[in-house]
Amino acid sequence: MGGIADVAAGRLSADELSKNFDDMYPALGESKALIEASRCYFCYDAPCMEACPTGIDIPNFIRKIQTGNYRGSALDILSENIMGGACARVCPTEILCEEVCVRQTQEGKPVTIGKLQRFATDWLMASKEQPFERAELSGKTVAVVGAGPAGLSAAHRLSMLGHDVEIFEALPKSGGLNEYGIAAYKLPHGIAQEEVDFILGIGGITVHHNKALGRDISLSELHEKFDAVFIGTGLGAVRALGFENENIKGVFNAVDYIAKLRQSEDKTDLEIGRKVVVIGGGNTAIDMAVQAKRLGAEDVTLVYRRAPEDMSATHHEQDYAKLNGVTIKHFAKPVELLEQDGQVTGVRFEYTAKGANGALEGTGETFDLMANMVFKAIGQVFIPDPATNSTVSLEIQDGRIVVDENGATSVPGIYAGGDCVYGGEDLTVAAVQDGKVAAHAIDKVLR
Amino acid sequence: MADLSYDFVGIKTPNPFWLASAPPTDKEINVVRAFEAGWGGVVWKTLGEDPPVVNVSSRYGATHYNGQRIAGLNNIELITDRPLDVNLEEITRVKKDWPDRAMVVSLMVPCEEDPWKYILGRVAETGADGVELNFGCPHGMSERGMGSAVGQVPEYVQMVTEWCKKHSDMSVIVKLTPNITDIRSSARAAVRGGADAVSLINTINSIVNIDLDIMAPTPTVDGKGAHGGYCGPAVKPIALNMVAEIARDPECQNIPMSGIGGISNWRDAAEFISLGCGTVQVCTAAMHHGFKIVDDMKTGLSNWMDSKGYKSIDDFRGLAASNVTDWNQLNMNYDVKALIDQDKCIKCGLCHIACEDTSHQAITAERVDGARRYEVVDEECVGCNLCLHVCPVDDCITMVEVDNGKPYMNWNQDPRNPHSKAAE
């Protein structure tokens, strides 16, 4: 058979691809923003504000959009959440601010807070202004491990408070998941790097790239050399399916593939299968499935072992995947990777059901899905070794760093936040909050 | 089905909806389009002496409110800028072609008897049903001693009205300016002058916005602006009050009224009629949406009248006027308390913060098992209605009458009034 191979790059033209990976939602224009902002009731004790992990004064910033005070609006957002621009795009607002909006209660149609936040932050970003100033310099320097949302947030706030910051980042670029892990159509173009530049623009922050904790630097070294340390490394490893032939051709970690996709210029160089199976139920699974479809895969099936409501991807995300032509199957778990000549050809799934005690059980019945490519997206885990193997060793619970409400770890002077801490919410916005809170705690100690 | 036709001081109209004297009634083409759309009548845009006035470029300013266009509109346009003969010829033709519609012609000439006599004679030849004396325009013409410059002096109002009655058999409607301290003074002057009716309100003196970039009012004519006449939905409350003042003034002797001021739909119209107006005049709503809005006005009014059992305009005309009274006649023993329907409450907290910050601290903000709960403290509630107005949910907050068993007692009878009879 001629034509395109079962796994091939360039299934779609460069034009189609650029359209497919452009902004998933258009920005609100000024008049639409005004109308939408006018829908906000300016609630007292606003539920949205309480639902925002960073505690942005949402009614206040929306009112300022109404009056054309865009700068004031953007500063309300950014002073609580320095990554307000990215969060406006990637936050699952449908389970945060917008879920509790009184307009949702009243008419099932919340004020589109995320879009309004984007309107205000885009305005400020476009102005190229650097609105935040540093306090009088303290002469102290704080080490930050990881240039993702948690680390950048901590660094920015520390710099504002007058401390110098040195960031150690394992990868060649800053931004963390915003740069490497989130679907391209959510943070298209150079938005992630523009935000990084904006954050670093305050000054006093040096980023050392390609410096991984445990490989190039050790925690004890940082602890010794700096006045304080903040760890915001995120999750480094991907959960495995546990099959012997997991390394055969055509089986990928979704996070690795997405990282490659995010770094690819025009995406015509990305190979994608005719038939794709994604295993998992989180945002990474959804992002992978949708992007596979947008790269031109014919059939994309996302398989999750439990019920729709058990998925960590929100309903909104699931609907978005379906809208993009992804088939979602629930209550099935992979039991075998099918292969031919070292290349994956499919996945055998066993149906599952919730047993009497609520535990998931296989029913014994199986079905096969053909696949030229299989993506694993069943969760990421923290690699605690660098945080425990040096002379300073942090307390770990369920594989993540234990911190108090200020982000302080079990070792004085060492703080942590974001996905790598125990109890973390796996949300960009929560990581930003962690970094901000820890920065204030560090500042208190350093003064 | 309700009968919407009306005989307004001898002017027969198939419905009470007229287009006010303004740009929509400046030309045959506009008026014919209005009649085709179903308007009951027009007041043709004000005619003056030849040579016609010259208008400036850039004429309207507007107040937009929270993304809604034209809560209020102002203009610095003058009277018709077309030759008198052209207007009269068109008026004649339109009246002939549309004999069942009301044709009233607005007039404004200098405050001398001869010009009025002359123009009344010319208008009479057109077959028009009546004239409306423009004593209202607050801009431009007033600088030339016309418009509101006349309307603001009751003696002039009376004098010109007398001339018009003397020199014409047509019905004379005197259009009143709101740019005065007491509308009744000019209304009484019109009554004394023998006016058949009054129409009100003309536009309100205004500056709608300042352009903060060029530091000049809008509309801006080459960097400068002048005050203009304000109209549209924002002025309706002012107009309603002035209509009510005339309606309940014995000296105004129940003079027929044509209501004007922010009338945008049938409900607005019904409110003006309920205060005594026989017809209503519309301008801004038509300028915003076109003539088609009259369809809703007619059917809406008719349906509402049917639902209330009113068969004609007169069946409900003026019914609300008798309930407009002076403050000192209100019942001091009447007591209402706000009641929040907790099932309808969406927890916006606006009632609480409005009461807490700006009124009587009568609505508590509590958390019950983590959930927000707003409750009225009856002992503190004075029944002011503020919470009801800020609440975004219909019927969530209602004002419930307290049955205190006390009889009617007005302020004049109230022992708390140091000047009351009871206190003496």
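Proteins get letters first, then strands, A, B, ... in listed order; numbering begins at 1 in each.
No more than 12 heavy atoms of other residues, nucleotides or ligands sit less than 6.0 Å from atom NZ of K32(A). More than 12 non-hydrogen atoms from other residues, nucleotides or ligands lie less than 6.0 angstrom from CG of N357(A). No more than 12 heavy atoms of other residues, nucleotides or ligands lie within 6.0 Å of CD in E133(A), so this atom counts as exposed by the packing criterion. No more than 12 heavy atoms of other residues, nucleotides or ligands sit less than 6.0 Å from atom NZ of K308(B). Atom CD of Q68(B) sits in a sparse spot, with 12 or fewer heavy atoms from other residues, nucleotides or ligands closer than 6.0 Å. For R33(B), the CZ atom sits in a loose shell: 12 or fewer heavy atoms of surrounding residues, nucleotides or ligands are nearer than 6.0 Å. Counting non-hydrogen atoms of neighbouring residues, nucleotides and ligands closer than 6.0 angstrom, the CG atom of D222(B) reaches no more than 12 such neighbours.
Between Y44(A) and H352(B), the ring planes are tilted. Angles from 30° to 60° get that label.
Atoms SG and CZ, on C43(A) and R372(B) in that order, are 8.5 Å from each other to the nearest 0.5 Å. Atom CG of L350(B) is separated from atom CG of D45(A) by 11.5 Å, given to the nearest 0.5 angstrom.
Using a 4.5 Å cut-off between heavy atoms, Y65(B) makes no contact with chain A at all. At a 4.5 Å heavy-atom cutoff, the contact between A365(B) and chain A is made by side-chain atoms alone. Using a 4.5 Å cut-off between heavy atoms, E30(A) does not touch chain B at all.
R367(B) and E50(A) are joined by a salt bridge, as a carboxylate oxygen and a charged side-chain nitrogen come within less than 4.0 angstrom of each other.
For the pair Y41(A) and I346(B), the minimum side-chain heavy-atom distance is below 4.5 Å.
Contact count versus chain A (heavy atoms, under 4.5 Å) is highest, among G349(B), C348(B), C345(B), for C348(B). Chosen from P59(A), P47(A), A37(A), the residue pairing most often with chain B at heavy-atom distances under 4.5 Å is P47(A).
Interface with chain B: from residues 96-107 of chain A, residues V102(A), T105(A), Q106(A) qualify, criterion being any non-hydrogen pair under 4.5 Å.
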